[in-house]
Amino acid sequence: MEFDLGIFVQQLISPDYVKGAFLSVAVAVLALVLATVIGFIMALGRTSKSKVMQGLSGLYIWFFRAIPALLVLLIIWNALPQLFPVLRQDWFSPFIAAFIGLGVVEAAFMAEIIRSALISIDEGQGLAGRALGMSPWKVMTKVVLPQAIRIALPPTGNEFIGLVKFSSLASVISLQELLTTAQVGVNITFRYAEYYAAAIVYYLIIVTLLTLLQSYVEKKFLWTSRTKSKKPSIQAPQSAGVAS
Amino acid sequence: MTHAASAPQLGDTWNDSQPVLKVRNLHKTYHDQQVLKGVEFDIHQGQVKAVLGPSGSGKSTMLRLMALLEPADDGEITLRGRRIGVRERGGATIALPERELAKERANIGMVFQKFNLFPHLSACRNVMLGLTSVKNVPHKEAEAQAMAMLERVGLSHRAGHYPSELSGGQQQRVAIARALVMNPTVLLFDEPTSALDPELVGEVLDVMEGLANDGMTMIVVTHEVRFARRVADEVTLFDSGIIVEQAAPDEFFDNPQHERTRKFLSHVH
């Protein structure tokens with residue numbers, strides 16, 4: 001067995017890998033943000049009473065669930081600049097193309113996650129908000145969404161991790177993300193094991209951090225007075241001895 | 001003017017000797033099934049009206065229509081001399097858009113059978129939400145008002161607890177405080193104790209009786225016959241989408257005029 005620990009460690013701490021990992025995470029974060037925004041709009045469309053809105057959002061979800069993400073990236077990077085000269089300018093970088101491409105594809109999946117979260121909220125919640133005199137917007141933002149987010153969080157965490165890995169697809173449009181960094185090194189040195197092992201370590205670190213972040217955020221949505229007992233505000237229960 | 005909704009313009013001729021809420025000819029049909037067939041009644045300031053009747057008789061639908069949560073097919077609802085839920089345009093009456101309806105709903109409180117508290121908010125925040133998000137009351141003031149209202153339903157010591165940490169009776173009392181803090185002209189109760197364990201019914205009815213004694217105008221759809229007899233000024237029997245009998249409690253229970261009422265009372269007594 002021939003595994004040069006020196007090369008492995010050297011790559012592990014090399015700026016190339018750090019930069020590659022950063023790019024992978026950055027593409028995933030921006031794609032998720034874009035996917036959540038578009039997905040929310042599509043979920044509203046799918047649950048709206050308007051047949052036109054239902055049809056349009058259904059069409060979007062159908063289309064982007066069908067087309068491979070790789071093809072979407074190639075279209076955005078190669079075909080769109082051919083059609084629209086404005087995209088031939090310098091600002092249109094592989095990074096922007098990658099997060100938009102992955103974002104619009106992911107939006108189709110987020111739309112279904114958000115839709116199922118929205119329809120799982122008891123209709124009595126909206127009714128109670130409306131009975132108080134809240135506008136439709138307030139009912140959505142103050143009553144329905146906070147509850148829907150809690151339901152959408154675990155599957156969204158899955159999608160986030162998926163996006164970090166899907167960001168490697170952006171190598172086809174010459175984005176130097178994590179896996180491309182490893183592949184470039186391999187092509188020069190032929191030290192497959194060391195370079196790939198370094199990539200594995202980075203992916204493990206990224207996903208571990210994301211998992212920790214997810215459980216931290218989920219704890220924020222537990223809705224019990226106990227988790228907030230540190231704050232001596234109105235949210236904390238008063239002395240435990242009070243009769244209930 | 002956001003506060004217009006909380007202080008409705010009084011009709012020119014309205015004064016408190018006239019009904020505070022007037023319902024005329026109310027009709028509602030769901031999927032070819034007529035649920036309300038011309039409901040009519042008045043309620044005066046400070047009165048408590050108990051509405052009895054079998055399940056599926058349209059009682060809850062009537063409350064939802066009065067709370068403007070659903071549009072009536074036909075009929076008029078008048079609050080303090082002013083027709084609500086619709087506006088006149090070129091001689092025709094059209095339903096108000098949702099945003100306008102929302103403003104009028106703030107004048108009508110609603111307490112639901114299943115409480116419908118917001119699970120992501122503490123008891124205090126549940127009570128505050130209407131003040132901060134509908135009446136634009138500043139946070140601190142809303143908190144003070146909410147705490148006072150929780151005190152009134154005997155739950156100020158539970159202000160920081162979330163609905164999942166409260167008993168059913170406590171949740172319903174928070175729901176009453178949440179409706180009450182909006183200072184509604186009339187408070188509607190949709191079977192407020194039907195979802196409660198028997199031993200928790202009393203605490204909710206006690207709170208409601210307290211409100212009645214304080215002069216709150218209330219319409220209570222309920223199966224609690226003893227409560228209706230003791231607290232209500234007027235008892236109504238609802239059946240198959242119409243009001244069968246409407247009388248003072250003693251009259252209603254001891255000397256019912258209609259056969260349908262006698263039959264109903266023989267089952268619940």
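Keep in mind that what you see is a predicted model, and the values were worked out from it rather than measured. Values below: every heavy atom of this structure, side chains too, minus hydrogens, waters and symmetry copies. Per chain, numbering begins at 1; letters A, B, ... match sequence-line order.
Interface remark: B:L166 contributes no atoms to any contact with chain A (heavy atom separation under 4.5 Å). Within the 4.5 angstrom heavy-atom criterion, atoms from both the backbone and the side chain of B:S133 approach chain A. No part of B:L188 comes within reach of chain A, as not one of its non-hydrogen atoms sits under 4.5 angstrom from that chain. The contact between B:R178 and chain A is made by backbone and side chain atoms together, counting heavy-atom distances below 4.5 Å.
In terms of non-hydrogen atom pairs under 4.5 Å with chain A, the most contact-rich of B:P119, B:G130, B:A67 is B:P119. Between chain A and the residues B:L69, B:V111, B:V181, the most heavy-atom pairs under 4.5 angstrom are made by B:L69. Among B:E100, B:E98, B:E165, B:K114, the residue with the largest count of heavy-atom pairs under 4.5 Å with chain A is B:E165.
Considering only heavy atoms from C-beta on, B:R105 comes within 4.5 Å of A:R130 through its side chain. A:V143 is listed as a side-chain neighbour of B:L129, based on a closest heavy-atom distance under 4.5 Å. Between A:L132 and B:F118 the shortest side-chain heavy-atom distance falls below 4.5 Å. In this structure, the side chains of A:S135 and B:K103 stay at 4.5 Å or more apart for every pair of heavy atoms. A:K138 has its side chain out of reach of B:V134: every pair of non-hydrogen atoms, C-beta onward, lies at least 4.5 Å apart.
Atom NZ of A:K142 has 12 or fewer heavy atoms from other residues, nucleotides or ligands within 6.0 Å. Atom CZ of A:F40 sits in a crowded spot, with more than 12 heavy atoms from other residues, nucleotides or ligands closer than 6.0 Å. With a 6.0 Å radius and a threshold of 12 heavy atoms from other residues, nucleotides or ligands, A:E123 has its CD atom at or below the threshold.
In this structure, the side chain of A:Q125 engages the main chain of B:L117 through a donor-acceptor pair within 3.5 Å. Using a distance-only test at 3.5 Å, with no hydrogens or angles considered, a donor-acceptor pair links the side chain of B:N116 to the main chain of A:G124.
The heavy-atom pair separating A:S225 from B:G160 by the smallest distance is CB-O, 3.4 Å. The two atoms that bring A:A131 and B:M110 nearest to each other are CB-CB, 3.9 Å, heavy atoms only.
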Note to self: Go through it in stages, so that I can follow the logic: the residues are B:R64 and A:L127, the test is side-chain contact (heavy atoms from CB on, under 4.5 Å), and I'd like the CA-CA distance, side-chain angles, deciding distance and then a yes or no.
What the structure shows: CA-CA 10 Å; B:R64 285 190 180 203; A:L127 213 54; 3.4 Å; yes

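Rounded to the nearest 0.5 angstrom, B:H120 NE2 and A:F221 CZ are separated by 9.5 Å.
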